[in-house]
Amino acid sequence: ETGVTQTPRHLVMGMTNKKSLKCEQHLGHNAMYWYKQSAKKPLELMFVYNFKEQTENNSVPSRFSPECPNSSHLFLHLHTLQPEDSALYLCASSQEMSNTEAFFGQGTRLTVV
Amino acid sequence: GENVEQHPSTLSVQEGDSAVIKCTYSDSASNYFPWYKQELGKRPQLIIDIRSNVGEKKDQRIAVTLNKTAKHFSLHITETQPEDSAVYFCAARVTGGGNKLTFGTGTQLKVEL
């Protein structure tokens with residue numbers, strides 16, 4: 001266990017559903033990320049939070065809404081998704097201002113039907 | 001922003017041979033370059049990293065080289081084994097630059113018996 005936990009591991013949702021992905025890290029890091037991994041664009045950065053503040057939104061559609069209530073928790077709220085949004089969503093954390101690695105969670109395998 | 005290109009996208013080698021994966025980056029301010037290995041169904045995990053103040057780093061069968069002038073870095077795996085089969089991602093980061101870790105598109109390495 002790397003200290004980054006994502007729930008749920010698998011999620012199937014309809015296009016009209018609202019769901020949330022959760023990420024929690026116990027590493028004392030102050031930067032957290034959401035990545036989307038699909039066959040077309042492996043490890044595509046979606047959002048970055050530093051010290052709870054969003055510092056990067058990589059042109060992500062508004063149907064994806066991140067939330068970072070504190071440095072240990074990160075959410076991705078999903079609403080009216082499309083089938084092409086089906087992918088593995090990976091959360092990661094790292095220490096800001098430090099040349100150290102980013103630790104990844106196991107990911108949530110999302111299927112939109 | 002930073003753009004990281006990775007080649008080849010697939011690589012097949014015989015067990016015992018060497019494998020080389022190359023990446024280029026665009027932002028000359030990038031100063032941290034990690035390599036991640038992702039086995040099937042698992043999270044990406046760091047295998048080696050290099051910082052901009054060194055040109056080469058080695059850890060057993062794995063080595064990474066960095067050419068800052070040319071803005072490229074490479075992963076070298078010697079004496080490959082079947083368990084080296086995985087997807088390998090290079091990445092680049094500018095410390096303090098929003099802490100964004102930009103990944104390459106990945107290389108599917110297959111080590112054949």
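Below, chain A is the first sequence line, B the second, and so on; all start at residue 1.
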Atom group of A:Glu53 that falls short of 4.5 Å from chain B, counting heavy atoms: neither

Heavy-atom contact with chain B under 4.5 Å, split by part of A:Leu90: side chain

Side chains of A:Gln106 and A:Gln6, donor plus acceptor under 3.5 Å: no

Polar side chain donor-acceptor pair, B:Thr107 to B:Gln6, under 3.5 angstrom: yes

Under-4.0 Å salt bridge between B:Asp59 and B:Lys57: no

Salt-bridge present (B:Glu56, B:Lys58; N to O < 4.0 Å): no

Parallel, tilted or perpendicular: rings of B:Tyr36 and A:Phe104 (30°, 60°): perpendicular

side-chain contact (heavy atoms from CB on, under 4.5 Å) assessment of A:Met13 paired with A:Leu110: CA-CA 8 Å; A:Met13 60 185 290; A:Leu110 174 67; 3.7 Å; yes

Chain B contact residues among residues 71-88 of chain A, heavy-atom distance under 4.5 Å: A:Leu88

Portion of B:Pro34 that has a non-hydrogen atom of chain A nearer than 4.5 angstrom: neither

Donor-acceptor under 3.5 Å (B:Ser85 side chain, B:Val111 main chain): yes

